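All remarks here apply to the structure that follows.
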Amino acid sequence: MTKAEAPTHGSALARGLTLLLGLASSAGFLYLASRRITLSELERTLREAQLWPWLPLAVLCYLTGHLVRGLRCQRLVSGEARLSWITATHVVVLGYAVNNLLPARLGELARAGMLAERSGLPFVQGLSLTFLERVLDGVVMLGLLLLALATLPGVRPEWLEATIGLGAALFTTALGVVLAAVLAPSLILRWTSRLTQNVSARIHDAAVRQVDSALCGVAHLGQPGAALPILGLSVLTWLCEAGLFLCLLPALGMAPDPRVALLAMTVTNLGILVPSSPGFIGPFHYFCMQALAAVGVAEARGLSYAALVHVGFYVPITLWGLGILFGYGVQLSQAVRDQRRALPGGLFDGPLDAPGSQPDPESTPTLLALCDGLIPHGTEGDAARAEALPSAARFTAAQLSALPLRLRILFALGLGGFRVLTWLRFGRPLTRLTSAQRARWVGGFAYGRVGLFRQLMRAPRATAVLAYYEHPRLRAELLPGAPARPTERIISSESLTQGRVATERNSSESLTRDRGGQRD
Amino acid sequence: MTDIDQVEVLVIGSGAGGSVVAHELASRGYQVVVLEEGGAFEFEAYGQPAPEAMRRLYRRRGMTPVMGRVPIGYVEGCCVGGSTEINSGFWHRTPPEALLRWKSRYGLGATEQELAPHFDWAEEMLGVGLSQAPWPPSTRTFDEGARALGLGAFEVPRAAPGCQGTNSCGYGCPTGAKRGMSRSLLPRAVASGARIVSGARVVRLLHARGRVSGALIRARRGGEERLFRIRAEHVFVCCGPTETPSLLLRSGVRYHVGGTLRVHPYLKVAATFSDPMRSETSVLPLLQVREFWPELSLGGSFFGAGQLAMTLSDHFPEGRAALSDAPRMAQYYVGVRGTGRGWVRPTALGDDATLVRYDLSDADLRALSVGLARLSQLLLRAGAEALYPSVWGLGPIRSEEQAARWLTEALPKGALSLVTVHAFSSCPAGDHRALTAADDEGRVWGFENLRLADASVLPDSPGVNPQGTVMALARRTARAFAER
């Protein structure tokens, strides 16, 4: 270990204190959970537990939840990197396993490290992704907790009110941070640059780089249509985890009530935000037991249930995580060091990619139907229309995606309203109307008397019409005899070559050559 | 990010302003780097159908609307050469009246005599001149209409010597006849040692205590988006009328920046004649009526199948039938000076997009209405059978009586579909500090090494295509810098 890598005295002390604090917290919560229960009571309840088939079922639910988490992780990084579903799941599981084995939620760092190693994304981006997942988890959990309480009348102990208040404050703030990062990344980056530009070039560059990486981590959420599926996967994840809690209720002789399972799951998971030992021993048991106590379950049975759930929660994932660590041989520090080495080079070190090299967004059936309604039928045949219309819809999708975000949001809201109106009017979506119905309905908006509706349709109308009638087939019909594309050049390519080649070469030649000009 | 990238003169933007600065300074031996956000394209990429051309050559694919009570479609180039790659190549010297107004009101010292050699030079570089080929039908017809009304119509010189009439100026000239910057000044600048880096967007300028030290740049390399920092001794911002103020504001430079945007609003009119107009094998109408200048000008516009359809779409669905007359159609415009006010701002949401707003003034509306009447009269006298202005609900104009209505009435604001390709004045220059963002030499107030050289510095609307003015003022600015 080099001097730079050796832990400093201060950091070792901090880690030691964190560990001690966690252990003390765990001990305190274990005491609170068991102070009114005798060991024999606990032993008897556990011995009477019916593990088959409930424990395997519970574990299956929990592991399924991790597969869904993997899917969510895969989607979250899909804008920047390709991860297989199984690799994304392994990344998630590793984080949970390390949290089970090491204190201070070091699993989050391990997870970001493995994500960096597997995807090539910066470590900080991995951390911001983890933060985003935690925020989504928190928001979904709060929602599920409120759902559970709404369906369990009379269950509203004071401590739970406080927990909800605290959780809401925490996750609303975090959600605000995420939304700011998703909606105004450039603004945040510019302010980072502005605030650090006068400190030193090194600090400026480091700050800008890290903030940029962190912003990239949450950027995918800003893609149209990305947020809802990710939120849906988050809900599914926690429903699977609620399955763990649900399956173990009958194991201890309790009715398998989904509302109770939701309550126990959400309260327990919010409770383990409290610092504790690895594996959340103590807070996990205490809060799980308290949730059951709120619906009238005896303390001994509640604690036994908590212990059983903890086994289902802890053992399989920890074993899976150890398997991953063994199989991959992940070296976290190496991954982080690799990322540090992979700093962006100089602007002149190599050619840059041509702008617009990213693929265009695909059209949607709704947009295709909209274009069909926007472009009146003329003398062109059905075959020509069938050929030109999808091309016009693709162009329209690409053009709309190029609008500034503010206008994109306004258009999306307007289009959403239009779709609702379509449903209300016809009882089915635009895509399932006949072509004649579409032409009348869409035409009423795009070419009708209401200025606001015409403005809403102006962008798709103009782009669809342009692309449709510029389609080679339509153009040939409208302007028969028009040459496809005259290309006779009237200036020689040579007269441009000198400039063009030098333009694309981007080498450092021209910067280093002698000045031969007539500078004054 | 490293500190190894250091340049003497950093020119941001490669359009009419940036190219002149790069050429002028590189030829004087300065170490010049030009950063261009858009791509560099070969001939093969030019003259493609509209969807492809807009994807490659236009800023945000042409989706940068000017918002306001009457939204205005606005496009500008985003490629090596900037908007000069997609404009018509029409060339005007700055009207003397505009120069006098700019001098008295803003303190811009450029006089007609002082700019004359810069115009001479630019015209020589770009081969500016009148068409050598016979006028196409759309131009001849316009001339006949103007004569019939007793109006003076003048052929506008173009920077397109040997134009072959492919009617695809807006999509990049595929023959190289039109001398956009990528075909004229930039190759010369590179030959003199300048380097052009395309695909590099400047996020913000880095500055402290009145000096710009460099720029933070975003670009993609190897499929990965990355940030770079470049250090520069002198910076010329030449990103155009919307992006220059946007970049300055993103960088915290605010003094009179972005709050005084002007545009030339245009109303298009598609006209059906009895004879073929041969749109696909002819250049756009070359004449302009300046009888009513500076408030109003009448002239010709691009008229490919898609462009005609866009104008006619204000008359859809009934107007769809008119498209079957496309071979006999041509397109013209009413352009007004633009006395309304607007602003440019970087958006806080999303990527580094720019929001643009312009509020059409009552005088603009009045001039557009009168202009529509005048143009309609002219085209009807020239034999037009039906006119389709880009005004919703107006219906085809078939008689001078119908047209004359707009001499006294105002067009309905909410029904207008306006467009513009000329924007300016978002960072006016001149020595009257109370009204300008930069001094007479284009140096941004409060900064010793930051200069502007593009359409943003024009103090107000010149009333004519601004490319010539931009190039002349940019050369003046570059020379003042070099001879300081």
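Predicted model, so just to flag it, every value in this text is computed and none were measured. Every chain is numbered from 1 and lettered A, B, ... according to where its sequence line falls, protein lines coming before strand lines. Just so you know, these numbers use all the heavy atoms, side chains as well, and skip hydrogens, waters and symmetry mates.
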Given heavy-atom pairs under 4.5 angstrom as the criterion, report whether the side chain, backbone, both or neither of B:Leu355 touches chain A. side chain
Using a 3.5 Å distance criterion without hydrogens, assess whether the side chain of B:Arg345 forms a donor-acceptor pair with backbone atoms of B:Leu249. no
Indicate whether any N or O donor in one side chain lies under 3.5 Å from an N or O acceptor in the other, for B:Arg56 and B:Gln48. no
With a 4.0 Å cut-off, would you call A:Arg461 and B:Asp314 a salt bridge? yes
Go through A:Leu183, A:Asn198, A:Val465 and name the one with the most non-hydrogen pairs under 4.5 angstrom from chain B. A:Leu183
Chain B contact via A:Arg449 - side chain, backbone, both or neither, heavy atoms under 4.5 Å: both
Which atoms of B:Ile217 approach chain A - backbone, side chain, both or neither, heavy atom under 4.5 Å: side chain
Quick one: do the B:Ser282 and B:Asn167 side chains pair a donor with an acceptor below 3.5 Å? no
Find the one option among A:Leu374, A:Val182, A:Leu407 whose heavy-atom pairs under 4.5 Å with chain B are most numerous. A:Leu407
If we define contacts as heavy-atom pairs under 4.5 Å, which of B:Gly199, B:Pro71, B:Cys79, B:Ser213 has the most with chain A? B:Pro71
With chain A as the partner, which of B:His315, B:Arg278, B:His207 has the greatest number of non-hydrogen pairs under 4.5 Å? B:His207
With a 4.5 angstrom heavy-atom cut-off, which part of B:Ser251 approaches chain A: side chain, backbone, both or neither? backbone
Under 4.5 Å from a heavy atom of chain A, the part of B:Glu36 involved: neither
Using a strict threshold of under 4.0 Å (side-chain N to carboxylate O), is an ion pair present between B:Arg218 and A:Asp212? yes
Sub-6.0 Å ring centroid separation between B:Tyr171 and B:Tyr58: no
Against chain A, label B:Ala353 side chain, backbone, both or neither, depending on which of its atoms sit under 4.5 Å from a heavy atom there. side chain
Go through the atoms of A:Ser391 and report whether side chain, backbone, both or neither lie under 4.5 Å from a heavy atom of chain B. neither
Any chance you could lay out the side chain to side chain donor-acceptor pair (under 3.5 Å) test for B:Thr347 and A:Arg406, step after step, and finish with the verdict? CA-CA 8 Å; B:Thr347 170; A:Arg406 190 160 133 179; 5.8 Å; no
Does a donor on one side chain sit under 3.5 Å from an acceptor on the other, for B:Ser246 and B:Thr354? yes
Please determine whether a side-chain nitrogen of the Lys or Arg among A:Arg473 and A:Glu380 lies less than 4.0 Å from a carboxylate oxygen of the Asp or Glu. no
Counting heavy-atom pairs closer than 4.5 Å to chain B, which one of A:Glu470, A:Arg454, A:Arg394 comes out on top? A:Arg454
The interface call for B:Ser417 against chain A, heavy-atom contacts under 4.5 Å, is both
Measure A:His471 against the heavy atoms of chain B and call it side chain, backbone, both or neither at under 4.5 Å. neither
Heavy-atom distance under 4.5 Å to chain A: side chain of B:Leu185, backbone, both or neither? neither
Between B:Pro276 and chain A, with a heavy-atom cut-off of 4.5 Å, which part of the residue counts as in contact: side chain, backbone, both or neither? neither
Roughly how far apart are A:Leu403 CG and B:Met63 CE, rounded to 0.5 Å? 4.0 Å
Is A:Gln197 in contact with chain B via its backbone, its side chain, both, or neither, using a 4.5 Å heavy-atom distance? side chain
Quick check with a 6.0 Å cut-off and a 45 degree axis cone: is A:Arg408 positioned over the face of A:Phe411's six-membered ring? no
Side chain, backbone, both or neither: which part of B:Arg60 has an atom under 4.5 Å from a heavy atom of chain A? both
Is there a donor-acceptor contact under 3.5 Å linking the side chains of A:Glu477 and A:Tyr469? no
Side chain, backbone, both or neither of B:Met54 within contact of chain A (heavy atoms, under 4.5 Å): side chain
Is it the case that atom CZ in B:Arg320 sees more than 12 heavy atoms from other parts of the structure closer than 6.0 Å? yes
Heavy-atom pair with the smallest gap, counting every atom of B:Ala177 and B:Cys163: CB-CA, 3.7 Å
Neighbours of chain B found in residues 187-195 of chain A - heavy atoms under 4.5 Å: A:Leu187, A:Leu189, A:Arg190, A:Ser193, A:Arg194
Answer key: most heavy-atom pairs under 4.5 Å with chain B among A:Gly378, A:Gly443, A:Ala459 is A:Gly378
Give, as side chain, backbone, both or neither, the part of A:Ala446 having an atom under 4.5 angstrom from any heavy atom of chain B. neither
Are B:Arg221 and A:Asp353 close enough for a salt bridge, meaning some N to O gap below 4.0 Å? no
Ion pair present between B:Glu8 and B:Arg231, side-chain N to carboxylate O less than 4.0 angstrom? no
Tell me, please, whether A:Phe395 has B:Arg55 positioned over its six-membered ring: NZ or CZ under 6.0 Å from the ring centre and within 45 degrees of its axis? no
Between chain A and each of B:Ala200, B:Ser313, B:Gly414, count heavy-atom pairs under 4.5 Å; write down the option with the most. B:Ser313
What part of A:Gln455 gets closer than 4.5 Å to chain B, counting heavy atoms only: side chain, backbone, both or neither? side chain
Provide the closest heavy-atom pair for A:His377 versus A:Asp372 in the form atom of the first, atom of the second, distance. NE2-OD1, 4.1 Å
Please classify the contact between A:Ile375 and chain B as side chain, backbone, both or neither, with a heavy-atom cut-off of under 4.5 Å. neither
Okay, B:Ala50 and chain A: the region with an atom under 4.5 Å from a heavy atom over there is both
Quick one: what part of B:Leu25 sits under 4.5 Å from any heavy atom of chain A, side chain, backbone, both or neither? neither
Greatest number of heavy atom pairs closer than 4.5 Å to chain A - which of B:Gly304, B:Ala321, B:Gly223: B:Gly223
Suppose we screen for salt bridge (charged side-chain N to carboxylate O under 4.0 Å, His left out). Which residues come up paired with B:Arg328, at least two apart in sequence or across chains? B:Asp325, B:Glu385
